[in-house]
Amino acid sequence: MNHDQIQQEISIMKKMVEKAKTDSAESGRLYLFIGTACIVYVVVVMILEGLRLFSWTLPAMIAMTVVCAIAGYFIVAREERKAQVMTWPKKINRAVIFICSMAMVLTGFVFPVTKLYAWSLSPVFAALLFGIMLFTSGAIYEFPVFYWSGLISWAGACVMAFTQNSTFPVRGVAILIILIAGFIVPAAVLNKKYKNRGHGHAS
Amino acid sequence: MHPEKILQLDPVVHAPVRLAILSILITVEGASFGYLKEATGSSDGNLSTHLTKLESSGYIRMKKTFVDRRPQTMCSITDKGKKAFLGHLERLEKIVAEQKKPKK
């Protein structure tokens, strides 16, 4: 076996490893969905509260949570089913997103409804969980932007925790800033990076 | 080039298409038949032959499922396959190191 043959084998291995890594990159679509769904959720609640339709708030929150959970499940299931390549980071990250989402439903919705604590604390817990989800995702995907997203979320949680007496529109705007800075912008960057790698199609 | 060094190369791993397949599978948890076909540039028959060889050697496992009512075969590397691939890589590195040594 001569030098050229060995170099050819090494070249094959490098090329295939690089291809597999590129083709299994995270598209960012799930984060875009989560961010958009949460923004819609917050805006709807702000509108209802603004119009003083308080009796509609809880049914709207329940309906949106259920719809988002079902839509999120189908998005993930469809992506995984159609994926040509499965990776451990993606699998771990899906588990992190799932458990954080479940925790958000409990802390942001179930516990306040059962009067365990006041509604004003639910966005604080939501922001903390967003931070955990994003920071962990940043580590899993080696995407440093998500570290900043996590930190922004935690900073937002602190702001909201210590301004509990402020009105909902003020806290609603704080949540929207966290969602846009923490989810939408990084997800859009990730999606652009994914497309620049030559992924113009759904996975 | 020492003949014994060449003989140590695993013939199952040594073939270019199988080497490419194992290189992909060692990087990911699993890859579909379609993906491996596109990545290696092989035909259906050629790829099937290589996958069967790898499976019968215990280097990969194949799982057949249905996606949108269409059959899909997902392949993943076994521990034996990982060991064989990494061993092959190690032997290649040794051969390269040997070739770089100045001849006495």
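Chain identifiers are assigned alphabetically (A, B, ...) following the order of the sequence lines, protein sequences preceding nucleic acid strands; residue numbering begins at 1 within each chain.
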If you look at every heavy atom in B:Glu29 and B:Ser76, which pair is closest and at what distance? O-CB, 3.2 Å
Go through the atoms of B:Phe33 and report whether side chain, backbone, both or neither lie under 4.5 Å from a heavy atom of chain A. neither
Assess the pair A:Phe111 and A:Phe125: is the distance between their ring centroids shorter than 6.0 Å? no
Applying a strict 4.5 Å limit to non-hydrogen atoms, the region of A:Lys91 in contact with chain B is side chain
A:Phe130 vs A:Phe183 aromatic rings, parallel, tilted or perpendicular, using cut-offs 30° and 60°? perpendicular
Under 4.5 Å from any heavy atom of chain A, what part of B:Glu93 do you find: side chain, backbone, both or neither? neither
4.5 Å side-chain heavy-atom contact, A:Ile178 and A:Trp154: no
